Amino acid sequence: MPETASTTRAPDALLPSLAPLLHEWLPRQRWFAGKGRRVTGFTLDAATELLPLDGTGPGLLHLLVRVEQPGRPAGTPADCYQVLLGVRSQLPPRLAPALIGRIRQGPLAGRAVYEGLRDPRLAGLLYERLRSPGRTGPLRFHATTALPPALAPRMLDTEQSNSSLVYGDSFILKIFRRVSPGANPDLELPLALAGAGCARVPAPVAWFESGASTLGVLQPYLRDSRDGWRLALDALAEGRDFTTEARALGRATAEVHLALARALPTRRLDRAETEQLAAAMDRRLHAAAQAVPALLPHVPGLRAVFAAAGGGSVVQRIHGDLHLGQTLRGSDGAWAVIDFEGEPAKPLDERRSPQPTVRDVAGMLRSFDYAARTHRPWNAEWASRCRAAYCTGYAEAAGVDPRADPALLRAYETDKAVYEVVYEARHRPDWLPVPMSAIQRLASS
Ligand SMILES: Nc1ncnc2c1ncn2[C@@H]1O[C@H](COP(=O)(O)OP(=O)(O)O)[C@@H](O)[C@H]1O
Ligand SMILES: O=P(O)(O)O[C@H]1O[C@H](CO)[C@@H](O[C@H]2O[C@H](CO)[C@@H](O)[C@H](O)[C@H]2O)[C@H](O)[C@H]1O
């Protein structure tokens, strides 16, 4: 693998000048996971000049930055984020919205620091770097195929847990924001699925990493597709049935599960392990009720739902955060599934652990409920028809109906609704009533 000249600066030398800017900017980002807790300091794991900061033109600084916050459990490291900073002496007016701030001290004093991914020149450089595999400092770039040169980049402005750039409507590059050591399942699983011949998931064509951490993945951009969430809301708004789509989506989910079971190990749990799954739901509920006290009155009812579940006895790798927004329907009607990262708030080893497939099914069932709840008037009937059609489609392709064990399905749906309560409280408080209404229903019936 060729190694380009390493342009890595001593990370600590840069930090004093960047820290005040990061302090102001980082906690406001949608992808910042530590919202609601003070930031008390930063340390740099790595700082790499992908374009030199020598002042002759725009510089591109790649950082892996640890954010110190109080309340971190003993023995766990501070969260690490991937940040790409553009640095220029003069910021052109078109880049003004990307400004993070001006450096006040040190050798770079006076320079404008801005979000590098919003600068087409710098985003283009990142793509060119992916096209020619090799190393720059601690960063390693890989490609599985020859990629076309010079595709125009644009940054996606959707609300995301990460950040994505589309290149020439041909490829999409996802930049992971919170970074942990270990293969990111959003690279690991699509690669395994491609190897197993599953065409439901766009296959990665390039990626980059540092140490054991995956930092970004490039895959084909499905330009003629629309995501399942938008399609569902449109159907609701137009009073249209969505069961044909839901059934096809159930089949697609089952195909992905079958391919994952072919590609990666599956395991039958013993009784004690099965009980641990229910105990883990209890633990998550307890933690969620500490974070969102509105859950407290429902805790006994929700615990009863977990206790009633007999337990899913076979586990395998699954999607882990399946919802309508993670699905894309092409103009030919075929569904694709994306974003195998799992629930962003969970630790990586938990996200990579084998789980019962019913967990994904439950995630999608919650999503039909979400769609119906965000529509006025609330259309409960629409949601239950979609939920049934989705399970029917799943059963057709998997040979196992997820409704065969209703107590288990209900437990996983409840577990997901608990997760959603915390997610919404943290990221979108206006949405909190959506999962809370499910909590009320699940805890009391
Ligand atoms: N291969 C793809 N083709 C077309 N659009 C995509 C593709 N992958 C992701 N997207 C779109 O990009 C956005 C973010 O993707 P996602 O993987 O869900 O990111 P995040 O983990 O940040 O939520 C979504 O709106 C999704 O519809
Ligand atoms: O797509 P992400 O990996 O970022 O997932 C997170 O954000 C989702 C919202 O964008 C969130 O999903 C919840 O809201 C959806 C509607 O916006 C709904 O369809 C899902 O069913 C619901 O869970 C997801 O939970 C979170 O991990």
Side-chain angles (χ1 to χ4, degrees), residues 29-33 82 117 154-178 184-187 189-190 194 199-205 214 216-233 236 249 288 319-331 334-346 351 359-375 383 386-387 390 412-413 415-428 430-436 438:
Q29 302 313 300
R30 156 82 193 252
W31 40 262
F32 182 71
Q82 176 174 206
L117 297 177
R154 71 181 157 89
M155 193 167 172
L156 283 189
D157 267 319
T158 46
E159 286 278 290
Q160 280 185 257
S161 304
N162 297 289
S163 298
S164 296
L165 290 152
V166 174
Y167 290 96
D169 270 1
S170 299
F171 297 103
I172 181 165
L173 173 64
K174 178 151 145 184
I175 304 282
F176 299 113
R177 291 303 198 163
R178 192 151 69 101
N184 190 303
D186 206 11
L187 172 63
L189 297 186
R200 292 288 183 185
V201 177
V205 291
T214 314
V217 180
L218 187 76
Q219 56 169 235
Y221 182 65
L222 308 180
R223 82 190 83 172
D224 296 323
S225 63
R226 295 197 63 209
D227 79 76
W229 175 251
R230 280 264 87 175
L231 289 168
L233 292 193
L236 269 161
L249 193 51
H319 181 282
D321 189 17
L322 195 60
H323 58 79
L324 283 163
Q326 316 283 40
T327 63
L328 296 170
R329 188 166 180 267
S331 44
W335 286 102
V337 181
I338 57 165
D339 194 2
F340 283 74
E341 226 195 332
E343 288 165 356
K346 293 222 164 91
R351 290 191 267 133
R359 223 183 122 181
D360 279 348
V361 172
M364 192 59 83
L365 296 187
R366 289 285 314 120
S367 214
F368 290 118
D369 187 51
Y370 249 78
R373 289 263 172 197
T374 49
H375 181 258
C386 287
R387 288 159 58 98
Y390 178 76
Y412 274 100
E413 232 198 296
D415 189 44
K416 186 72 187 181
V418 168
Y419 163 82
E420 289 166 343
V421 166
V422 178
Y423 180 87
E424 302 301 3
R426 204 171 275 164
H427 296 279
R428 307 185 295 191
D430 292 355
W431 288 61
L432 194 50
V434 175
M436 277 308 292

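Start at 1 and go down the list; that is how both ligands and their atoms are numbered. Keep in mind that this is a model prediction, so the values were computed, not measured.
- The shortest distance between side-chain heavy atoms of T374 and L233 falls below 4.5 Å.
- With a heavy-atom cut-off of 4.0 Å, P344 touches ligand 2 through its side chain alone.
- Annotation: the span from D186 atom CG to N162 atom CG amounts to 8.0 Å, rounded to 0.5 Å.
- Of all the atoms in ligand 1, the ones that sit under 4.0 Å from a non-hydrogen atom of P202 are 1 (N).
- Annotation: E420 places an N or O atom under 3.5 Å from an N or O atom of ligand 2; distance criterion only.
- Close approach of ligand 1 to L328 is summarised as follows: ligand atoms under 4.0 Å from at least one heavy atom of the residue are 2 (C), 3 (N), 4 (C), 5 (N), 6 (C), 7 (C), 27 (O).
- Of the residues listed (L249, L322, T327, L324), the one engaging S367 in a side-chain contact (heavy atoms from CB on, under 4.5 Å) is L324, and it is the only one.
- With a heavy-atom cut-off of 4.0 Å, Q326 touches ligand 2 through its side chain alone.
- When each atom of ligand 1 is checked for a heavy atom of K174 under 4.0 Å away, the hits are 16 (P), 17 (O), 19 (O), 20 (P), 21 (O).
- Interface atoms of ligand 1 facing L156, defined by a heavy-atom separation under 4.0 Å, are 12 (O), 13 (C).
- Paired with L173 under the rule side-chain contact (heavy atoms from CB on, under 4.5 Å), one option of V166, L165, V217, L156 passes, and it is L165.
- Rounded to the nearest 0.5 Å, atoms CD (E413) and CZ (R366) are 6.0 Å apart.
- Residue contacts with ligand 1, taken as heavy atom pairs separated by less than 4.0 Å, involve Q326 solely via side-chain atoms from C-beta onward.
- Here's the thing with S161: one of its N/O atoms is less than 3.5 angstrom from an N/O atom of ligand 1.
- Between W229 and ligand 2, no N or O atom pair is found at a separation short of 3.5 Å.
- The N/O atoms of D227, backbone and side chain alike, include none that comes under 3.5 Å of an N/O atom in ligand 1.
- Annotation for ligand 1: atoms under 4.0 Å from non-hydrogen atoms of P220 are 1 (N), 2 (C).
- Within the 4.0 Å heavy-atom criterion, neither part of T374 lies near ligand 2.
- Ligand 2 lies less than 4.0 angstrom from a heavy atom belonging to R428.
- Distances between N or O atoms of W431 and those of ligand 2 include no value under 3.5 Å.
- In terms of polar-atom proximity, Y423 is counted as a contact of ligand 2, with an N or O under 3.5 Å from an N or O of the ligand.
- Residue N162 touches ligand 1 through backbone and side chain together, judged by heavy-atom distances below 4.0 Å.
- Among all heavy-atom pairs drawn from F32 and H427, the shortest one is O-CE1, 4.3 Å.
- Looking at I338 against ligand 1, only its side chain comes within 4.0 Å, counting heavy atoms.
- Between E343 and ligand 2 there is no heavy-atom distance shorter than 4.0 Å.
- Residue S161 approaches ligand 2 through these ligand atoms, each under 4.0 Å from one of its heavy atoms: 2 (P), 3 (O), 4 (O).
- Residue-ligand proximity, S367 to ligand 2, at heavy-atom distances under 4.0 Å covers atoms 18 (C), 19 (O), 20 (C), 21 (O).
- Across every non-hydrogen atom of Y390 and F368, the tightest pair is CB-CE1, 3.8 Å.
- Side chains of S163 and R177: a donor-acceptor N/O pair is present below 3.5 angstrom, by distance only.
- Partners of R373 by side chain to side chain donor-acceptor pair (under 3.5 Å), not counting sequence neighbours, listed by chain and number: S437.
- Counting heavy atoms from C-beta outward, M364 and H319 have side chains that stay 4.5 Å or more apart.
- Here E343 pairs with K416 in a salt bridge; the nearest charged N to carboxylate O distance falls below 4.0 Å.
- Taking only nitrogen or oxygen atoms, main chain and side chain alike, D339 reaches within less than 3.5 Å of ligand 1.
- The shortest heavy-atom contact between E424 and Y370 is OE2-OH, 2.6 Å.
- Ion pair D321/R351 not flagged as a salt bridge, since none of the NZ, NE, NH1 or NH2 atoms sits closer than 4.0 Å to an Asp/Glu carboxylate oxygen.
- Between Y419 and ligand 2, at least one pair of N/O atoms sits closer than 3.5 Å.
- A donor-acceptor contact shorter than 3.5 Å links the side chain of R200 to the backbone of W335.
- Between L222 and ligand 1, at least one N/O pair is under 3.5 Å apart.
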